[in-house]
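Some notes on the structure that comes next.
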Amino acid sequence: MMIDDRLTRRTLLGAAAVAALPGGALAAPAATRALYAGGYNKEGGAGLLPLDYAPAAGAWRAHAAVAAAPDASWGVRHPRLGLHYLVQEGSAGKVAVLRERGGAWQRLALVDSGGADPCHLALSADGGALAVANYSSGSVALIALDPRTGLPRAAAQVVPHRGRGPDAERQPAPHAHWVGFSPDRQWLWSVDLGADTIFAHRLDAAGTRLGETRAAYRAVAGSGPRHLAFHPRLPLAYLVAELDNSVTVLRRGADYRFTALARHSTLPAGFAGKSQAGAIAIDPRGRWLYASNRGADSVAVYAIAADGALTPIQHIAGGGRWPRHLRVLDSRLLVANERSGTIDGFSVGRDGRLSPFGAAARAPGVAFIGEA
């Protein structure tokens, strides 16, 4: 369905919202959020899928898929220029740069990621560099950007990870899964599932070249660390590990290193099946932390204390199969269920607990929910 030029995407509610209300009751128009679903073409996706979401009603409206962004399993938005940087997973990995205006998406550039199966991106605070995690080739890449246009101005600099873990099937070699810049802009951190390590790569003064690589944290052997999430105020980070289904509370040092403080399971008590931890998300005020379980198909909810400590308070079904990504939107949590091809909405209570809310959006192969 194409967008009606007479309507704006940020004020549209639409008939779908009315249909989603209990008993078909009418509701006052509500603001919408312009989002997009990125995912895998091989799992039924057709490229980036623009969506309008009305949080008050829990209703969705989908628009025509953007074919210029296949296999877009992760993306970041330039806060000043409004550009979107999207990975294209594949044996010859790519990063696409797209611009959205009035509901129309245009691809401005397509560059090599420097490795196979890029799966995560991070934009530096000044917008001068884009970091890439190449999963299958176990490397990170740094792409210098033109500060005026946001477009790539040089080929990616690629730095390989080294190491392996005890899981012969999943950890025979490095597998970079997450990248992020340190607040002091001196380091690029990367989380490697295959090497059970968070690496720190030194940045030059301009922030556009990588230097020496050090180990910032050695995770539990075989745990398969996947993603980091940072506390909004405290010098703490939370590391979700895919293979042992855990969340570790880490203290961030004055340099590039992390120290473990506590570790929690993401799985419901008594669960005995196979599962892999997926996404991690923190609400903007640092009160609640959420982690997804693919296999158990659930979301674990933790209360965050004043000192950053975690207390498990809930496990709830994620609404579909294989919850790969979580996005917090004010009093809503959205869950991207890859294998059922849906985005399911939850209401966040005053205590952080989740309740299913509204209709689910159909998004085949969804791996990521981005802000348009």
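Keep in mind it's a predicted model, so treat the numbers as computed, not measured.
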> Which is it for Asn293 and Ser275 under the side chain to side chain donor-acceptor pair (under 3.5 Å) test, yes or no, and what are the steps along the way?
Replying inline: CA-CA 6 Å; Asn293 297 299; Ser275 193; 4.6 Å; no

> Where do Val348 and Tyr290 land on the side chain to side chain contact (heavy atoms under 4.5 Å, CB included) test, with the steps shown first?
Replying inline: CA-CA 11 Å; Val348 180; Tyr290 306 95; 3.3 Å; yes

> Which is it for Thr248 and Val220 under the side chain to side chain contact (heavy atoms under 4.5 Å, CB included) test, yes or no, and what are the steps along the way?
Replying inline: CA-CA 10 Å; Thr248 300; Val220 172; over 6 Å; no

>> Does Thr213 form a side chain to side chain contact (heavy atoms under 4.5 Å, CB included) with Val140? I'd like the steps, not just the answer.
In response: CA-CA 11 Å; Thr213 298; Val140 296; over 6 Å; no

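Using cut-offs of 30° and 60° on the angle between ring planes, the pair Phe230 and Phe258 is tilted. By the 30° and 60° cut-offs, the orientation of the rings of His84 relative to Trp105 is tilted. Classified by interplanar angle (parallel below 30°, tilted 30° to 60°, perpendicular above 60°), the ring pair Trp187/Tyr256 is tilted.
Proximity of His63 to Asp52: side-chain heavy atoms (C-beta onward) are separated by under 4.5 Å at one or more points. You'll find the side chain of Asp196 reaches within 4.5 Å of the side chain of Pro166, heavy atoms only.
Taking a 6.0 Å sphere around CZ of Arg148, one finds it holds 12 or fewer heavy atoms contributed by other residues, nucleotides or ligands. Within 6.0 Å of the CZ atom in Arg202, the count of heavy atoms belonging to other residues, nucleotides or ligands exceeds 12.
Under 4.0 Å is where a charged nitrogen must lie from a carboxylate oxygen, and between Arg170 and Glu242 at least one such pair does. By the 4.0 Å N-to-carboxylate-O rule, Lys94 lies close enough to Asp112 to be salt-bridged with it. Salt bridge present: Arg33 and Asp330 bring a charged side-chain N and a carboxylate O closer than 4.0 Å. Ion pair Arg285/Asp283 not flagged as a salt bridge, since none of the NZ, NE, NH1 or NH2 atoms sits closer than 4.0 Å to an Asp/Glu carboxylate oxygen.
Test His161, Glu212, Arg209 against His201 for side chain to side chain contact (heavy atoms under 4.5 Å, CB included) and you get one pass: His161.
Under a hydrophobic-cluster definition in which Ile, Leu, Val, Met, Phe, Trp and Tyr are linked whenever side-chain heavy atoms come within less than 4.5 Å, directly or via other members, Val66 and Trp74 are assigned to the same cluster. There is a path of hydrophobic side-chain contacts, each under 4.5 Å, that joins Val249 to Ile280. Linking ILVMFWY residues whenever their side-chain heavy atoms come closer than 4.5 Å, directly or via other members, places Val299 and Val328 in the same cluster.
His264 and Leu310 make their closest contact through CE1-O, 3.3 Å (heavy atoms, listed as atom of the first residue, atom of the second, distance).
Between the side chain of Gln88 and the main chain of Ala96, no donor-acceptor pair closer than 3.5 Å is present. Judged purely by atom type and a 3.5 angstrom limit, Thr32 has no side-chain atom pairing as donor or acceptor with the backbone of Tyr53.
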